[in-house]
Amino acid sequence: MDYKFNEIEKKWSKIWIVQKTYRVTEDPTKKKFYVLDMFPYPSGAGLHVGHPLGYIASDIYARYKRLNGYNVLHPMGYDSFGLPAEQYAIETGQHPEITTKKNITKYREQLDKIGFSFDWEREIQTSNPSYYKWTQWIFKQLFNSYYCNIDDRALPISELIEEFKRNGNAKVKSPCDKDTPVFNALEWASWDEKKQQDMLLKYRLAYLSDTWVNWCEGLGTVLANDEVKDGYSERGNFPVEQKKMKQWSLRITAYAERLLTDLNSIDWSESIKEIQKNWIGKSEGASIHFQIFDNLSNSIEVFTTRPDTIYGVSFIVLAPEHDLIKKITCPQNKLLVNDYCQQMKLKSEKDRQLNTKNISGVFSGAYAIHPFTNKKIPIWISEYVLGSYGTGAIMAVPCGDQRDWDFAQKFNLDKPNIFDNTDINQGACIDKSVTIKNSDFLNKLKVPEAIQVAINAIEKNKLGTRKINYKIRDAIFSRQRYWGEPFPVYYKQNIPYLIEEDTCIQLPPITKYLPAENGDPPLARAKQDDWNIFKGDRMEFNTMPGWAGSSWYFLRFMDPNNNHEFVNKEKVNYWKQVDLYIGGAEHAVGHLLYSRFWTKFLFDKGFIDFNEPFKKLINQGMILGRSSFVYRIKNSNKFVTLEKKDQYETSKIHVDIECVDNDILNIEKFKNWRAEYNNAEFILNKENNYVCDYEIEKMSKSKYNTQNPDDLINKFGADTLRMYEMFLGPLEQFKPWDIKGINGVHNFLKKVWRFVHNNKLSSSKPNSGEYKIIHTCIKKVTQDLNRYSFNTVVSHLMICLNDLSKIKCNKKEIINLFIILLSPYAPFISAEIWQKLGNKNLINDAKWPVHDNMYLLENTSTYAVSFNGKVRFTIKLDKGLKKEDIQSLVLKHPKTENYLKSQKVNRVIVVPNKIINVVFGKN
RNA sequence: GCCCAGAUGGCGGAAUUGGUAGACGCGCUGGAUUCAAAAUCCAGUUCUGGUAACAGAGUGUGGGUUCGAUUCCCACUCUGGGUACCA
């Protein structure tokens, strides 16, 4: 009887739908487990074999947990706002919603074929108003909150208003805009509505402000820092420039410290934690004020992590964007300085990055006063200081910082040495184990101690304060795009107000998806009547960025159809955090950081009881394609086999992997692949074959190396695909996709099928040998699943089947156990066999077996006997023999003399049940 | 440059705490079955020498610790990822 996977898979897909097998509800009598995949953006290209890798792993784990009696939440949905659909809309005029729907249908068909145990009743789409209503709601919560550093959490903005009425902002310790002035209660009371609102905006967690943004002309929108790579947009690779614009931002910087420290509480890979740490970029040090010579009303604030080097300061450098430049530059230098700053403004971030070798700068003509020595030190302006980091000014210490050293060298500035026993003629000394000299009260101190002493002195003399600086910046939250969440915001006299109604602000229909004639975002094209709610002078024209919807979607899955709340409190208290989250490492900073931020915010507001979204995270490695190549002889239509290519002048050409089997070109297929090859000629090897070259690279249509899961499912079945993707190697690793091996896994499943059908099955009690085989397998499979070692489980199942076949086992009891172990990987064939074995329930409701050590015990163990560490032979010995007995048995062994050659035995090491090492010869 | 991860047969990979390196699968070789093919089954397969028994080498390179190292330590090479005038 043949293994007809197509029929079996069709049959069980239907049964699972009819019986609602994967439907899940809260059940307080059961322990919960939440398994989540990073939900996909439904692109037009559909899935290739790389996409489902993580979904398969998580599905296996979800099924495994269910068999262990857990109530498993395993949902799927779509991150369906995004640029490609909008780009398509611009080109064709088709509403992005239509494209999105079409793509989702395609994705769903493909996903359904693979046999996932998703509870599709919980499906969400971020572009659905019933979903983004709540994304807007969270935005409103952020708008109505500020961060209190005293309580160390977000509080309602109403409390801040009360405080302003009582005391102004003097006692407020909250992250706010840099330009926030200090005011008292009287002043507050005297301000009009607009002024008060403007002030509140400086504190809100969602705020509107003029900021330097990454403007991407090619995409017609601003981008977040993590969407920019090397000065180009990550999506589309368009150049990005700095531009000042009024934008919505989220005050993620308020959460910097918590985002950093709470990394310790989650089970994520070190590399992702490291990336987030770097992104947050915490550095500790001091901010120090330098008075300006002859201009005592102004001072320069610098940030340094090395206050111990204060006596090594020989000049100050300001960023070309620094506000003080205009005020302090002396008249003679004005032209030069203006000119330089103007030039720097024209330079893009990218140019500044590329120019690291060329040191440039100008002298302002002004001097600062060294706070300890009172010496005059020159103030310079240079592009190597960034306006956006720290205070936009540095105290330069040439002996301790290579950039400062280079700058001093170029412009012939002082390089005082404050490190004992060091030579700074060739470069700065960055070694932190040195001792300080020439530094008054810091002399003879080591660096770490000197830092503390210096900060104390700075604080005591009121020259500055201890300070912690973070690299992370607030996240820009506006996009000048159509296909995203509209803001629940309207403007009255240019002041933003929230729309208080409990209704979703829906995307209004527009006729053209391009920016309006005056450059406003596309939403400006909507007329008043097009909006389902319209207030004030106008609605907000921006939409939210791609990561808005994905920052909280894991919560919505718990309660996807709730019309009254974003998620029901009881439900979220039951499901809590995601226990296992699987997805690509490319979201290391974006999505994963923003979700953590929103989770902490919702926790502060008391909506949820946990402050981290994802307990355990696994990043699946990318599946790479294996491209095939042919060599065409230059200026001909003749192709030469790999072995002989060096004899000709050739060009290497990608060939569709469909035309290649085992690196041997199917010449007929190749000729038919493209018209230009119809009459191609070939130079073959000795065996009359054409051998192709190969390369491992990213899977891509243009490289003709993509593998569509649908084709493989038709050919081998979904069970085979699932098992093979796991068998390929460790989940986290990058690995090449090569269908050569898929036969092996397919053969295994065929073997399973034959094993059940070609034997007459017996209901009698298995013998100890049979139990031993299956219990060994139970133990290994369970252990490996618990450590997420998905690939080795497949091997254990193969070994088990091989062993059972060898002894011609036909016991139903054993086969039942084996099929349960197999079922998370190959749910279709397992369901079918389970039913055929006469089980009345579904295999999904079976119980995962527990191994019994009783069956695994052995009386003897095989020892490897080694001489001076080299293994020579093995012997079988009874367990429980004493070490002395083992030693004498080995020394008496007939083979022993061969290796000893009458030399003296120094020592015999016996590791129980494992190895014996005879040490001899030396001395 | 800095930070992180990795390197094992012809290929994907295994070896959970230092204890028989190469499990399992692919591929390859030989055989059985067959009119033939497919499918299936059996045997072999790290390299070198040898018919074999066996011997020698062997987990990116060089050193070290240890009775014993793929595993621990030091230095280096290469590959992948992150990040970059970050003060």
Side-chain angles (χ1 to χ4, degrees), chain A residues 2 229-230 269-279 281 283 285 302-306 309 317 319 352-353 355-357 359 382-386 388-397 400-404 406-407 469-471 585-586 588-589 619 621-622 624 626 662-663 694 724 727-730 732-745 747-748 750-751 754 758 780 783-784 786-787 789 791-799 802 805 862-874 898 906-920 922:
Chain A
D2 283 348
K229 287 262 136 64
D230 302 325
S269 75
E270 278 310 309
S271 65
I272 294 279
K273 287 190 189 181
E274 199 63 33
I275 292 169
Q276 293 212 347
K277 268 184 210 164
N278 290 339
W279 188 261
S283 43
V302 303
F303 172 74
T304 177
T305 54
R306 296 289 304 275
T309 61
V317 187
R352 267 170 106 172
Q353 273 173 29
N355 244 345
T356 55
K357 293 268 145 49
I359 300 163
S382 171
E383 58 173 328
Y384 88 93
V385 174
L386 301 179
S388 51
Y389 182 78
T391 61
I394 61 153
M395 55 177 224
V397 183
D401 184 295
Q402 192 56 45
R403 290 157 299 168
D404 297 346
D406 292 339
F407 194 81
N469 199 52
Y470 298 93
K471 198 164 85 182
E586 64 273 20
V589 274
N619 292 114
M622 210 195 310
L624 303 168
R626 191 180 190 277
N662 224 343
D663 287 342
Y694 74 91
Y724 186 56
F727 193 54
L728 229 44
E732 298 94 326
Q733 242 167 58
F734 279 64
K735 55 215 155 211
W737 175 261
D738 191 346
I739 46 155
K740 263 199 315 200
I742 201 166
N743 292 312
V745 171
N747 284 344
F748 164 74
K750 279 200 280 191
K751 209 166 155 184
R754 278 199 311 273
N758 297 358
K780 296 223 154 153
Q783 270 177 355
D784 283 358
N786 286 341
R787 62 186 180 110
S789 175
N791 54 328
T792 49
V793 168
V794 182
S795 308
H796 297 314
L797 292 169
M798 288 172 168
I799 292 168
N802 287 347
S805 315
T862 306
Y863 280 86
V865 183
S866 52
F867 291 82
N868 280 351
K870 280 204 162 91
V871 177
R872 297 300 182 176
F873 58 90
T874 57
N898 287 344
N906 297 324
R907 230 172 122 184
V908 178
I909 287 150
V910 178
V911 181
N913 307 320
K914 278 186 179 156
I915 200 164
I916 299 154
N917 191 11
V918 181
V919 186
F920 69 97
K922 292 172 201 163

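Computed over heavy atoms, backbone and side chain alike; hydrogens, waters and symmetry mates excluded. Per chain, numbering begins at 1; letters A, B, ... match sequence-line order.
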- Message: Once you apply a heavy-atom cut-off of 4.0 Å, does A:Ile909 come out as touching a base, just sugar-phosphate, or nothing?
- Response: base
- Query: If we take the C1' atom in both B:G62 and B:G13, what is their distance in whole Å?
  - Reply: 27 Å
- Message: Looking at B:C86, I'd like to know if its phosphate oxygens (OP1 or OP2) sit under 4.0 Å from a side-chain N or O belonging to A:Arg403.
- Response: yes
- Task: Classify the nucleic acid contact of A:Asp404 as base, sugar-phosphate or nothing, counting any heavy atom under 4.0 Å across all strands shown.
- Result: nothing
- Looking across every strand, which nucleic acid part, if any, lies under 4.0 Å from A:Asp738 by heavy atom: base, sugar-phosphate, or nothing? nothing
- So, does A:Lys471 use its side chain to make a donor-acceptor pair with the main chain of A:Tyr389 at under 3.5 Å? no
- Does B:G56 adopt a syn or an anti glycosidic conformation, taking syn as a chi angle within 90° of 0? anti
- Please determine, for B:C72, whether a Watson-Crick or G-U wobble partner exists with both distances under 3.5 Å, and give it or none. B:G64
- Message: Considering every strand and a 4.0 Å limit on heavy-atom distances, what is the contact class for A:Asn791: base, sugar-phosphate, or nothing?
- Response: sugar-phosphate
- Task: Answer yes or no: does a side-chain N or O of A:Asn917 lie under 4.0 Å from OP1 or OP2 of B:U20?
- Result: no
- Query: Checking all strands, does A:Glu274 fall into the base, sugar-phosphate, or nothing category for heavy-atom contacts under 4.0 angstrom?
  - Reply: sugar-phosphate
- Think A:Gln402 has a side-chain N or O under 4.0 angstrom from the OP1 or OP2 of B:A87? no
- Task: Using only side-chain N and O atoms of A:Arg872, determine if any of them is under 4.0 Å from OP1 or OP2 of B:G68.
- Result: no
- Contact under 4.0 Å: A:Arg787 side-chain N or O vs B:U16 OP1/OP2: no
- Task: May I ask you to say what A:Val911 touches in the nucleic acid, namely base, sugar-phosphate or nothing, with a heavy-atom cut-off under 4.0 Å?
- Result: base
- Task: Just call it for A:Lys471: base, sugar-phosphate, or nothing, with non-hydrogen atoms closer than 4.0 Å on any strand.
- Result: base
- Message: Can you tell me the base-pairing partner of B:A7? Count Watson-Crick or G-U wobble geometry only, both distances below 3.5 Å, and say none if there is no partner.
- Response: B:U77
- Message: Only pairs with both distances under 3.5 Å count, Watson-Crick or wobble alike; so what is the partner of B:C2 in this structure?
- Response: B:G82
- Task: With a 3.5 angstrom cut-off on both distances, give the Watson-Crick or G-U wobble partner of B:U40, or none if there isn't one.
- Result: B:A32
- Message: Any base atoms under 4.0 Å from A:Thr874, or only sugar-phosphate, or nothing? Heavy atoms, all strands.
- Response: base
- Task: Would you tell me if any nitrogen or oxygen in the side chain of A:Arg754 comes within less than 4.0 Å of OP1 or OP2 on B:C41?
- Result: yes
- Task: Could you pick out which residue, A:Ile915 or A:Lys870, lies toward the 5' side of RNA chain B when each is mapped onto its nearest nucleotide?
- Result: A:Ile915
- Using Watson-Crick geometry (N1-N3 plus N6-O4 or O6-N4) or G-U wobble (N1-O2, O6-N3), each under 3.5 Å, B:G27 is paired with B:U45
- Query: Parallel, tilted or perpendicular for A:Phe867 and A:Phe873, by the 30°/60° rule?
  - Reply: tilted
- Query: Using a cut-off of 4.0 Å on non-hydrogen atoms, how would the nucleic acid contact of A:Thr862 be classed: base, sugar-phosphate, or nothing?
  - Reply: base
- A:Tyr863 side chain to A:Asn913 backbone, donor-acceptor under 3.5 Å: yes
